[in-house]
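Heads up: numbering here begins at 1 and tracks the sequence.
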Amino acid sequence: MATGSRPWGALLLLPLLLPAACRAGGGCAGEGGPLEPFDALYASGVEAYYGGDFAGAARCLERALRSRRELRAARLRCRRSCRGQVRLAAPGPGGGGDLPFFGSVLRRAGCLRRCEEPRLGAASRHRAAEEVGADFQRRVPYSYLQRAYIQLNKLEEAANAAHTFFMANPEHMEIQQDIENYKTTAGKVDLIDREARQHMEDYSAGVRHYDKEEYELAIDFLERALKGYYSEDEDCQLMCEGPQRFEEHEYLEYKAGLYEAIADHYMQVLACKHDCVRELATRSGRISPIENFLPLHYDYLQFAYYRVGDYVKALECAKSYLLFHPDDEDVLENAGYYEGLLEGTMDPDTVKPRKEAKTLLRRHKLESHLLQVAAAGLGYTYTEPNYWNRYGARQDEHSVPSSISSEPEDGPRLSLAKKPMPKPDRELKEGGPLLYSDVKFVYNSQQLNGTQRVLLDNVISEEQCRELHRVANGIMLAGDGYRGKTSPHTPNERFEGATVLKALKYGYEGRVPLKSARLFYDISEKARRIVESYFMLNSTLYFSYTHLVCRTALSGQQERRNDLSHPIHADNCLLDPEANECWKEPPAYTFRDYSALLYMNADFEGGEFIFTEMDAKTVTASIKPKCGRMISFSSGGENPHGVKAVTKGQRCAVALWFTLDPLYRELERIQADEVIAMLDQEHLGPSEMNINPKDEL
């Protein structure tokens, strides 16, 4: 959800949950009694915000954040306490042998209820809608808080709220500008991330000290990070013991037997626990975790301890790292080197890997085994992720310090290998003919400060823009292409779209002029030919998806907008700004190779198309749409892009994605080709545009 956007889907579910005083316009209800549900407090805060009661909004939102933290703390406390009080009994042999085990399960369930109800009330009070949970995960409440605190002239609180939101939403450049303004107006330099994960903060601090060769400080922070990691891992395991979703079953129709039902639920719990490794290595708002996160702690530590002369600890950490990567040649050599340094003073074999690392890895392997057994025997689909990728030095600060190169040949080395950048699978060219004499070249890649980019004008005429716009008004459907979500990127705008096949279908049925419907087909083919020619591709460029899209600013929701119309992203990979990477893996459309946007109008405010660096912050080029203008570019991580907020009017364009792989040709395009062939046979004629090049350059 975009910064400061109103979570309508979630809020519509909540009016009956609002505290009575809030429904009456009096702000949050008084504290006391069972913990107030955080979703109700959140809804109250948003309602107060849009009602202009900024003090009430700040009060309710702060209480919502505190309630969510207290809910988690209460559940952890009770689950930890009841685990200690009621041990699960082992089943015995023979008939009734399972009774001791199930008896202990019932006693633990009773313990949990007795522990939680006095503070939390009925469990059903704290089952928030998924949309609300997603808002808290993306820190949307802090966006409201920021603006409420601005209205209350509490600039320090506003600055910290903005920073907290920005840490999970780095694509929002406007809020970054707000933060810079706070630093200037409030003199606020050191901002606080109110949702910071301490083990992550300590790890980052340890790496920073390491890079500065401040090894003792690095050790202090990295050891603290490890302690925090294992504590967070225990909490993560406990939180996975909560309710699970039975996605493949309707609850009221669920007819599984005792053991099938237990297995179904337990496998979901187990999968959740197994994924704690990924959860603890993923920064807020990011998609991908820091690769090799836990082993990296030991890798840094083994070398840092060596540099301060503690060879026992160095060997201990090296052996701990080797639990995860037993064939790592660098660390194997390091361990041998440390053993040589210790010979004569102690037996190096008495130095063992750390117990907590052995315990976690043993548990992780057993979890993996059980999940694979379930997949084979119970029909689950499960693929074990690579949790301990050795090429884990993904962040810039993880690079090998230059000082290591000064070490003697036989000295230890840090096993931090940079993952090699993938090489392009084709030779990159540009500057080929534009095929059509009326198309005007504007800027190339160098002028647009990037790679594989081109800006063209006059791809279509003013009259064709107007005709296409008339077609759009007759065929577009709100939320088309986004499963009916009318505001998929920001609730401050309405999104509408239509495919080329739908246009032809409406034209054939007489619901829009057939000539106009065919124009959509013809101009998209013209764009494809231009892109294929300009980038001098040696193989055919196929349509992957063709979409006529309009974004309309919603009245009454544009004041102080600081979100984007379309967040910064790449078209064929998952952009990870923190790691400065773009991961070419599902759910990204990895088969896309080139993209193009052909604009239809300029009578709106905002809506500039922007390219950025991989950090999703630094703008490298900004393009103002107008009729007939087309921007085209390669679809990978070399071209992160987005759209600034449309603050007035409607912005329309033909969005085109292309692939070099015929296996991923757009199905609707193939069907549209068949419709065109049928129309030609019936002599219904093409549009005024001839898609064959005229006066080829």
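The two residues P577 and A616 make their nearest non-hydrogen contact at CG-CB, 3.8 Å. The two atoms that bring Q671 and L501 nearest to each other are OE1-CD2, 3.2 Å, heavy atoms only. Residues N639 and R453 come closest through the heavy atom pair OD1-NE, 2.5 Å. When all heavy atoms of M200 and I290 are compared, the closest pair comes out as SD-CD1, 4.2 Å. In plain terms, the two heavy atoms of S533 and P433 that are nearest each other are OG-O, 2.5 Å. Shortest non-hydrogen contact noted between L468 and I523 is CD2-CD1, 3.2 Å.
H547 places none of its side-chain heavy atoms less than 4.5 Å from the side chain of V500. Between Y521 and T546 the shortest side-chain heavy-atom distance does not fall below 4.5 Å. Side-chain atoms of Y229 and H199, non-hydrogen and from C-beta on, do get closer than 4.5 Å to each other. With a 4.5 Å cut-off on side-chain heavy atoms, T659 and E666 do not count as touching. Contact of the L456 side chain with the K440 side chain is not registered, since no non-hydrogen atoms from C-beta on lie closer than 4.5 Å. Annotation: side chain of P640 is not in contact with side chain of E613 (no heavy-atom distance under 4.5 Å). Taking the side chain as every heavy atom from C-beta outward, Y664 and Y589 never approach each other to under 4.5 Å. Looking only at side-chain heavy atoms (C-beta outward), L548 and I475 come within less than 4.5 Å of each other.
Checking side-chain atoms of N601 against main-chain N and O of F604 turns up no donor-acceptor pair under 3.5 Å. The main-chain N or O of F591 is never found under 3.5 Å from a side-chain atom of D661 such that the two would form a donor-acceptor pair. A donor-acceptor distance shorter than 3.5 angstrom exists from the side chain of N449 to the backbone of T620, with no hydrogens or angles considered.
Contacts of A553 classified as side chain to side chain contact (heavy atoms under 4.5 Å, CB included), with partners at least two apart in sequence or in another chain: Q558, V646. In terms of the side chain to side chain contact (heavy atoms under 4.5 Å, CB included) criterion, residue partners of Y443 (sequence neighbours excluded) are, by chain and number, Q447, L448, L455. Looking at residues two or more places apart in sequence or on another chain, you find no side-chain hydrogen bond (donor to acceptor under 3.5 Å, both in side chains) involving S632. Evaluation of the side chain to side chain contact (heavy atoms under 4.5 Å, CB included) rule for N572 yields K584, R592, S635 as partners, not counting sequence neighbours. Every residue two or more places apart in sequence or in another chain was checked for a salt bridge (charged side-chain N to carboxylate O under 4.0 Å, His left out) with E462, and none qualifies. H641 is linked by a side-chain hydrogen bond (donor to acceptor under 3.5 Å, both in side chains) to H569, D571, counting only residues two or more places apart in sequence or in another chain. Listed by chain and residue number, D457 satisfy the salt bridge (charged side-chain N to carboxylate O under 4.0 Å, His left out) test with K626 (two or more places apart in sequence, or in another chain). For R528, the salt bridge (charged side-chain N to carboxylate O under 4.0 Å, His left out) test picks out E525, E532, with sequence neighbours left out. In this view, E608 and S622, K624, K644 satisfy the side chain to side chain contact (heavy atoms under 4.5 Å, CB included) rule, not counting sequence neighbours. Remark: D193 engages R139 in a salt bridge (charged side-chain N to carboxylate O under 4.0 Å, His left out) (not counting sequence neighbours).
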Checklist entry - Stepwise, does the side-chain hydrogen bond (donor to acceptor under 3.5 Å, both in side chains) test hold for E493 with T552? => result CA-CA 5 Å; E493 299 173 19; T552 307; over 6 Å; no

Next on the checklist: Under the criterion side-chain contact (heavy atoms from CB on, under 4.5 Å), I'd like the reasoning laid out for L656 against S524: C-alpha separation, chi angles, the key distance, then a yes or no.
Outcome noted: CA-CA 7 Å; L656 301 153; S524 56; 3.7 Å; yes

Item to check | Step-by-step side-chain contact (heavy atoms from CB on, under 4.5 Å) determination, I192 to T164 | outcome: CA-CA 7 Å; I192 298 172; T164 302; 5.9 Å; no

Item to check | ring pair (Phe, Tyr, Trp, His ring centres under 6.0 Å) between Y594 and F658, intermediate numbers included | outcome: CA-CA 5 Å; Y594 284 89; F658 305 105; 8.0 Å; no

Item to check | side-chain contact (heavy atoms from CB on, under 4.5 Å) assessment of F633 paired with V454 | outcome: CA-CA 6 Å; F633 48 93; V454 65; over 6 Å; no

Next on the checklist: Working note: I610 + V643, criterion side-chain contact (heavy atoms from CB on, under 4.5 Å); need CA distance, chi angles, decisive distance, verdict.
Outcome noted: CA-CA 6 Å; I610 52 175; V643 179; over 6 Å; no

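Under the 4.0 Å criterion applied to side-chain N and carboxylate O atoms, D275 and R278 are assigned as salt-bridge partners.
When only modelled atom types and interatomic distance are considered, Q452 and S634 share no side-chain donor-acceptor pair under 3.5 Å. Side-chain contact of E467 with S516: a donor-acceptor pair under 3.5 Å is present, judged by distance alone. No side-chain donor from either of T499 and R669 sits under 3.5 Å from a side-chain acceptor of the other. Side chains of R551 and H566: a donor-acceptor N/O pair is present below 3.5 angstrom, by distance only. Between the side chains of D299 and H325, no donor-acceptor pair of N or O atoms lies under 3.5 Å.
Taking the six-membered ring for Trp and thresholds of 30 and 60 degrees, F609 and F611 have ring planes more than 60 degrees apart, a perpendicular arrangement.
Here Y142 and F166 keep their ring centres 6.0 angstrom or further from each other. Remark: aromatic rings of F293 and Y203 are close, center separation under 6.0 Å. The distance between the ring centers of Y321 and Y298 does not fall below 6.0 angstrom. H163 and F165 have their aromatic ring centers separated by at least 6.0 angstrom.
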Which atom pairs, donor and acceptor, lie under 3.5 Å between side-chain atoms of residues 535-544 and protein residues at least two apart or in another chain?
none

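Judged as a disulfide bond (SG atoms under 2.5 Å apart), the pairs with a partner in residues 641-677 (not counting sequence neighbours) are, in order, C550-C652.
At least one test fails for R651 against the ring of Y599: distance under 6.0 Å to the centre or angle within 45° of the axis.
More than 12 heavy atoms of other residues, nucleotides or ligands sit less than 6.0 Å from atom CD of E463.
Atom-to-atom distance recorded for K648:NZ and E605:CD is 5.0 Å, nearest 0.5 angstrom.
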